[in-house]
Structure formats: C-alpha cells, structure tokens
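Below you'll find the structure, written out as structure tokens, and then a few comments.
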Amino acid sequence: MASTPPHCSITPSKPYQTHQHPPNPHLKSQGHSHRQNRHWTAQKVSLTKPLPSPPPRNAAKTGTSQTSLSQNPAFSSLCPLPAPKSELAAVFSGRRSTRFVSKMHLGRPKTTVGCRHTSIAEEALQHAIQSGKDDVGLDNVLLSFESKLCGSDDYTFLLRELGNRGEWRKAIRCFEFALRRERRKTELGKLASAMISTLGYGNTVYTYSAIISAYGRSGYCEEAIGVLESMKGSGLKPNLVTYNAVIDACGKGGVKFNRVVEIFDEMLRNGVQPDRITYNSLLAVCSRGGLWEAAQNLFSEMVDREIDQDIYTYNTLLDAICKGGQMDLAYQIMSKMPSKNIFPNVVTYSTMIDGYAKADRLEDALNLFNEMKFLAIGLDRVLYNTLLSIYAKLGRFEEALKVCREMESSGIVRDVVSYNALLGGYGKQGKYDEVKKMYEDMKAERVSPNLLTYSTLIDVYSKGSMYSEAMEAFREFKKAGLKADVVLYSELINALCKNGLLESAVSLLDEMTKEGIRPNVVTYNSIIDAFGRSPAAEYALDAASEGNELQMESSASILEDAFENEVGDKEDNQIIKMFGQIAIEKEGHAKKENLGNRQETLRILRVFQKMHELNIKPNVVTFSAILNACSRCNSFEDASMLLEELRLFDNQVYGVAHGLLMGYRENVWVEAQSLFDEVKQMDSSTASAFYNALTDMLWHFGQKRGAQMVVLEGKCRNVWETVWSNSCLDLHLMSSGAAQAMVHAWLLNIRSVVFEGQELPKLLSILTGWGKHSKVVGDSTLRRAVGALLASMGAPFEVAKCNLGRFTSTGSVVAAWLKDSRTLKVLVLHDDRSFPDTEKLGKVSPNLQTLSL
DNA sequence: ACCTAATTTT
C-alpha cells in the first residue's frame, strides 16, 4: 500500500441535508437480472422457541379500513407470527430501485446564515406585493432576487410579510420557492414555523393543505406529516383535501405503505370519505414499492365504494402490478380497460413495455410496441426512452441507435434519460470509448448531466478500473454542485472496499449517515464483503466511530495540489485523492490473505447488528458475504459462533448455515430444502453466489459430505447451468469448494456407470474455465483447486495442452482407476463433524447483548 | 383549494 488511506468525504462544507427515507423493506437482491422474484415465504416453522428480539416487521397498523384491506395478503404481517420469519423474506424479492426522489437533488448556491433579513428582502417584498395575481409574476420576482436573498431569514421575512398582508397564495408560493433551495433541517424548521404562524391569521385548513402540498412537491413528506399533526394540535380538522395532500406527499417522499395506510385509516376514522384522488395517491404509494396485491385491493375497494376510476387510476395500478412482476395479471387488467371506457394511452403502453422488459419478456414488450403503433397511439419521449433503455441494457446498440434515429426524425430530442441509458448500456458492455463519445455528445448537445449521469459514469469507470476517469467524473459532479445520494455513496464505498481502502470506506459510511442519507443493504453488503476479506478491516470501524479527526491526510498523492482550488471543499479532495491513489496502484497491490480471528467475526457481527438497528434488511448478498467471511476464517469456533449469533436475526437462514456447519444435517435438511426453494426464485447469479458461498464455507471446515449435498441440490435446481454428462463436467460458474464437491459427485456417478458395465466415452473433460467467475477475479483459483484435488485423489486427469482451463483423460484410463478398490474410499466424502438425530438445535448464546457498535 | 401516472445507476 502506497500510503495511508485518505479520509474520504464528499460532504459539502455547508451542512445541507437531504431527506432520504428508508427504502421499502422489500429490497431487491443485489443480483443482476430483473427476473421476477417471489417473496420468501412469510411464515416458517421455527427450529427453536421464539427468539428474544424478533426483527421489527413492518409496523402493523392497528385500525383497519372497513373493507378489503384486512384481507389483503400484503397485510399478512398483521397476523402474529409463530416465530421470526426469514429476514431474507421480503428482501430478495423486490425489484425496485432504492434510490428515491432523485429529482430533488438540485444545485444550490451557498448561503450565509445567522443574519436577520436584508434590505434586499425588503426590496423583494415590494416587488412581490406589486406582482400580478398569477404565480408567474411572483416567480419572476423571486428568481430575479434569488441570488441576492440571504438564506432562510430573508424568505421567512418575505412569506411572513406576505401573510400579514393577506397574500396567502403568494406566501405559500414563496415558501415553496424557499423550500427548493434549502436542505438544512434547522432552516426548514424556521421556514415552516414562520409559515404556520402566518397561518394564524389566514384561512386555516385551506392554507394548511397548501403548505402540505408545497412540502409534498419539494419531497419533504416528513414535514408534510408534521403539519398534519400540528394542525390537529391547533384544533383544526383536516379535511379530504388535507388528507389527500398528505397521502400524496407520502407517495412522493417514499414513505412506507403501512405508514400511509395508518394515515388513511385515521382519515376514515375521522369520517372523511376518500375520493378518486385519495385512491390514486394510495395506488402511487403501492406502485413505488411494487406492492401489487395491495394495489389490487385498493382498486377493488374503490369499486366497492363506487368511486370512479380514471386513466391515472389504471396506469398507476398497472405500474404497481408491473413493478411487482405480475405481467400476466397486468395484461389482463389492461385488456379490460376499453370495456370500462378507459382506453390505454402512451403511458399505459410505456408501463407495460417496461414491465415486460424487466420480466425478461422482450417478445411481449415488442408486441405491445407494435400494437400501439397499429392503434396509432403517438410515441412520446418516455416511450422512446423506455425502448432505448431496453436495447441499451441488452447491449443491442444497433437497435438502440435505430431508436435514437427514429426519435430524431419524430422531432424528439434526446434528453438526459436517453443519454443516461446509453451511457449505462455502453458502460456495462465495457465499451468505454463509446461511453466517452456519448458523454461528449451529451455535452455538445447541451443536455445537462444529472446525478444519475455522474453516478453511472463513476460506477462504470470504477468497475472498469478506470480510476482517473472515475475521478474526473467525480470532479465534474462536484463542480455541478449536486448532492450525492445513497447510490452514489454506495458506489464510492464499493470502489474503496474493492481496493482495500476499507478505513476510508467506513469513514464515508459514517459521513453519509451524518448527512442524513440512509445507507441501504447494498452499502452494507460492500462493507461486510470487505470485512470478510481484508486484514485492514480490523480497526476501521473503531477509527471511524471515534470521529473523523483521526483520519490522516493522504501523504502520497500526486494529485494533491492539482485540484485543491478547483473543487471548493477540502474533503472532496480526499475522494479525488482516493481515486488518484487507486488509479496509481490499480491492480498492483496483492490482497493479503485474511487471517480471520475472533475480532474479525465480532466486527462483522457488529456491522450486522448495526444494520438491524437501522432497520436495514439483509438480503441474500449479505448472507453470501458473511458465509464467504466464514470461509476465510481459520477458526471453526469463530465461524460457528458468528453464524449462531446471527440466528438471532434470522433463524431460518443462519440456522441452516449453522446447522450444516455443525453437522446437524438430519435436523436441518428439511429447513434447508425450503431455503433452497426460496433461493431458486431469485435470479441465477444471485442464486449461484448463494450456493457457492454456502458450499465453500462447509468445504472449508471439513463438512464435505454436507457441502456435496448442497452442491447436488444446486445442480438439481440448475443454479450453475451445469453441464453434467458422462463425458463432460463444467464447473466454470462454481466456487472452488462447490467445484471440488461436484468433482467427487461426478466421479462417483461415472464410477457407477462403469460398474453397471457401460463403456465410458473416449474422452472425459472437466472444465474449470478461466476463473473469471471465481471470487477473486482474474486468477485461476478454481483451476488450481480442481487440479490439486484431482492430483490428491490420484485421478488420472491432465491439463489439456490447448486449453489450460480443461482437465482431460480417456475413458479407459479413468475406468481402470475407478475399478481400483482403493478409489471408492477417496471418492466418498465425509463430514468432520456429525451428530446423531437427538442433537437439538435450540440454543442461542446470550452474549450478543454485550455487543454494541 | 388536494391529485397528473410511464423511462435512466449501486
């Protein structure tokens, strides 16, 4: 390592805040494909007594609306569970992005705080009063004064004075204008209290509703809910409009559905009857979370209440169902629309086409596209972008460019979404020249890059180890004055982790939390994965929790001076230095083997506990990362302790892992089977990662027979797309533990073929590939592991001369070896530990409580 | 007076 890891921070010097809300609990797995996933079964028979601290489920609502909500499958969390269900439950299933309200990341000029209103504000007030009745006049005044007005004090002054003069509409407009350029909590509070005290003189409920909707439009849903509460405190009765505004604000701000339902229930309890707008807003909440069952129930509630539906109702419902992956159901509903006299429009088709594409049903997507053309429904920018992103994502650039040309000839110019899709597409395929060219094009066309653009570029370049380019993208991102979000932070953290700069990664995690940006499961997965593989992990968390002062300046960056003045914030330079450092080191530094000790596992446990505290649901990637950490752990006791402790959080998943490790196979196998069933629902790369991690861990600790059983399960469920025939075994998607267990199984199978008296094929091959699927990219761990295994068994295979990733032998030589009486003994696998059936699995050690992060 | 749906990244 060339130097001390720099302390990395991307905090702007001003303490702006964003309000990221926890993503829906049904987080998607970190896998690649968007194939439809089913929920992990909600209720599982527990292996043990109910555990002391069941993971908090979705806050169960107490009241239930009169109609169908209580029968809604999506509300099954209302039923008391016999035992904590799989934490992975929700987790592996969703498909939605965990990034919310990205539209709200606006660049803001820096403001000075601490002064009373300025004379400029007085001047602005005069102009504002004189401005016309329409909003445009006031907007122009505000815009022309924007750069001169001094922080929230000036805005507070303005809206208060406007309120004093009975200009409610203008006051609210001004409030909303101020909201858009303010992210600091304290300043927001000032604005809101000014606005509410202004209300004291105003026409009350209406103005409250207007404030709520202003908050909603600016993405401040917590504040919107707060206004609803304060309204009740002041003895005012929220009406339909108020509730609609709050529910709508919740939808925009990413509030969890259950919480919104609480507000809805309260509304019903207060005798306020919902209308179409209420339901459309509720449906929008479902669509954001892919809660298709809840959406369906809301829809039928609407019908029951004889509330008319409109095209928005249908399109929002369809979106929820598409996001929930239920394409056949969506199609059915769409087909019934004309009979209700509501005709699918371009939005309907965009929604459906995107849904089909995300469900890997390209044919169906394109059929719908043709259908809409046949129906002469006009194509709009979003529809073109939808197509463009489909082709870009698939790497079908010919077709993507054809869409671009078609757009052009229809007079629709490419926007930032089109460019982002293309950048991501080219980036994913490693076509970096095209990425650069496209980005140049974008700038030449004066399309302003947004957060997603930079995020995509940074990610693409980091993944491609092009750190100078990533650094450049980051510099431009800072220059644009954009605010990072959870995805961008996670990308940076991942880049740091992957390059062994774990201390910097953890300090960045610390920072984002302080910034009010909630890390999500992806962020934590990077960290856990790094903890499992890096010896540098040891002290990183402690260092971070003691504060950023401890972090040292990077000492050896040639880039140190280059950007000092260009980028305003000193701390941003740390990120730039970090990229610079990685750029210089590139792949140069070998990763040391992790020695694995108790401290290590304790730290992983703490990270996991931290996730739990933050209510971040681990997913299958988390699980695999933890198992991989176990595999690198030298002590069986530590690994088993870790897994046992983790059973507190998720008894099913970690119970299986722990049970198999301990050799309680008879007892856990049924449970394991249902776990495997769940995994099978996930996309293939996630599923194979799970099997690889589990098998590696078992193999590493000598539970070889158990590992083999897991591998054979995986094979039966086709997670590796295994080629398994008498002449060939393809291991290239497998980890080394899985591959070795598989070799044993395959040879035993060949042996039985021989003993049945059948001829073996002339040539037998075992393919290991080139290791690009192994955990350590670019090496040939798998080939070496398989080679060593074959040699240790005395199996007569040789590395093929033409292909180093292939071991070959002739049928007759192998048959002779298999017939040897000593061979069977080396082929049959045993577990180092096994226990009779009577062994119980119940105990969970209590020392978890002593841990704190 | 409240609500205008669909597209892009980890």
Side-chain angles (χ1 to χ4, degrees), chain A residues 28 30 32 97-99 102-103 168-169 172 203-214 216-217 224 238-249 251-252 274-284 287-288 310-320 322-323 344-355 357-358 380-390 392-393 414-425 427-428 449-460 462-463 485-495 519-523 525-526 621:
Chain A
K28 73 177 189 182
Q30 213 173 336
H32 310 302
S97 164
T98 55
R99 175 177 274 172
S102 54
K103 286 169 203 153
W168 312 114
R169 195 185 168 84
I172 298 241
N203 42 5
T204 60
V205 182
Y206 296 159
T207 326
Y208 268 103
S209 303
I211 293 195
I212 290 169
S213 85
R217 276 193 295 274
N239 63 16
L240 173 65
V241 175
T242 322
Y243 278 112
N244 284 350
V246 173
I247 291 171
D248 177 66
K252 292 198 176 87
D275 67 355
R276 179 179 46 79
I277 293 171
T278 321
Y279 277 98
N280 285 353
S281 301
L282 284 168
L283 284 170
S287 116
R288 213 214 65 231
D310 61 8
I311 183 69
Y312 295 99
T313 316
Y314 270 99
N315 286 345
T316 314
L317 170 71
L318 285 175
D319 191 44
C322 289
K323 293 223 159 66
N345 62 9
V346 61
V347 177
T348 321
Y349 277 95
S350 290
T351 306
M352 292 293 297
I353 289 170
D354 185 61
K358 297 227 159 90
D380 70 357
R381 190 199 306 268
V382 175
L383 195 278
Y384 275 118
N385 281 340
T386 305
L387 289 175
L388 191 55
S389 82
I390 291 172
K393 210 174 281 173
R414 265 178 262 178
D415 66 0
V416 64
V417 176
S418 334
Y419 278 107
N420 289 349
L422 287 165
L423 290 171
K428 203 170 176 184
N450 64 12
L451 176 66
L452 257 66
T453 317
Y454 295 115
S455 201
T456 305
L457 288 173
I458 291 169
D459 187 55
V460 157
S462 296
K463 294 256 155 68
D485 73 347
V486 60
V487 178
L488 186 55
Y489 267 108
S490 301
E491 284 165 350
L492 294 172
I493 285 172
N494 191 46
N520 63 24
V521 66
V522 182
T523 328
N525 287 346
S526 293
V621 181

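Chain identifiers are assigned alphabetically (A, B, ...) following the order of the sequence lines, protein sequences preceding nucleic acid strands; residue numbering begins at 1 within each chain.
Among the atoms of the strands shown, none is found under 4.0 Å from any heavy atom of Asp310(A). Nucleic acid contact for Leu318(A): none, since no nucleic acid atom lies under 4.0 Å from a heavy atom of the residue. Thr351(A) comes within contact range of the sugar-phosphate backbone alone, with a heavy-atom separation under 4.0 Å but no base atom that close. Counting non-hydrogen atoms under 4.0 angstrom, Thr456(A) reaches the backbone sugars and phosphates but no base. Asp380(A) comes within contact range of at least one nucleobase, with a heavy-atom separation under 4.0 Å.
Two residues are said to be in side-chain contact when any heavy atoms from C-beta on lie closer than 4.5 Å; Arg276(A) and Thr313(A) meet this criterion. Between Asp248(A) and Ser213(A), the closest side-chain pair of non-hydrogen atoms is not below 4.5 Å. You'll find the side chain of Asp310(A) reaches within 4.5 Å of the side chain of Asn280(A), heavy atoms only.
OP1 or OP2 of dT9(B) sits under 4.0 Å from a side-chain N or O of Lys393(A). For dC3(B), the OP1/OP2 oxygens have a side-chain nitrogen or oxygen of Arg217(A) closer than 4.0 Å. Between dA5(B) and Lys323(A), no contact under 4.0 Å exists linking OP1 or OP2 to a side-chain N or O.
Listed nucleotides: dT10(B), dC3(B), dA1(B). Nearest to the side chain of Asn239(A): dA1(B). Considering only the side chain of Ser287(A), dA6(B) comes nearest among dA6(B), dT7(B), dT10(B). Distances were taken from every side-chain heavy atom of Ile311(A) (C-beta onward) to each of dA5(B), dC2(B), dT7(B); the shortest belongs to dA5(B). Of the candidate nucleotides dC2(B), dA5(B), dT8(B), dC2(B) has the atom nearest to the side chain of Ser213(A). Checking dT9(B), dT7(B), dA6(B) against the side-chain heavy atoms of Ser389(A) singles out dT7(B) as nearest. Of the candidate nucleotides dT4(B), dT8(B), dT10(B), dT4(B) has the atom nearest to the side chain of Lys252(A). Among dT4(B), dA6(B), dT9(B), the nucleotide with an atom closest to any side-chain atom of Val347(A) is dA6(B). When each of dT9(B), dC2(B), dT10(B) is scored by its nearest atom to the side-chain atoms of Asp275(A), the top-ranked nucleotide is dC2(B). Looking at the side chain of Lys463(A), the nearest of the listed nucleotides dT8(B), dT10(B), dT7(B) is dT10(B). Comparing dT8(B), dT9(B), dC3(B) by their nearest atom to the side chain of Arg276(A) picks out dC3(B).
Tyr384(A) has its OH atom 18 Å from the P atom of dT8(B), to the nearest Å. Between Asn315(A) atom CG and dT7(B) atom C1' the separation is 14 Å, expressed in whole Å. Rounded to whole angstrom, the span from the CD1 atom of Ile353(A) across to the C1' atom of dA5(B) amounts to 15 Å. In this structure, the CG atom of Asp354(A) is 15 Å from the P atom of dA5(B), given to the nearest Å. Distance NZ (Lys358(A)) to P (dA6(B)): 11 Å, rounded to an integer number of Å. Across the protein-nucleic acid pair, Arg381(A) atom CZ and dA6(B) atom P stand 16 Å apart, rounded to whole Å.
With hydrogens and angles ignored, no donor-acceptor pair under 3.5 angstrom links the side chain of Asn244(A) to the base of dA1(B). Put simply, the side chain of Asn345(A) and the base of dA6(B) share no donor and acceptor less than 3.5 Å apart.
Asn345(A) and Thr348(A) are linked by a side-chain donor-acceptor pair at a separation below 3.5 angstrom, with hydrogens and angles left out of the test. No donor-acceptor contact under 3.5 angstrom links the side chains of Thr316(A) and Asp319(A), judged on distance only. Side-chain contact, Glu491(A) with Ser462(A): no donor N or O sits under 3.5 Å from an acceptor N or O.
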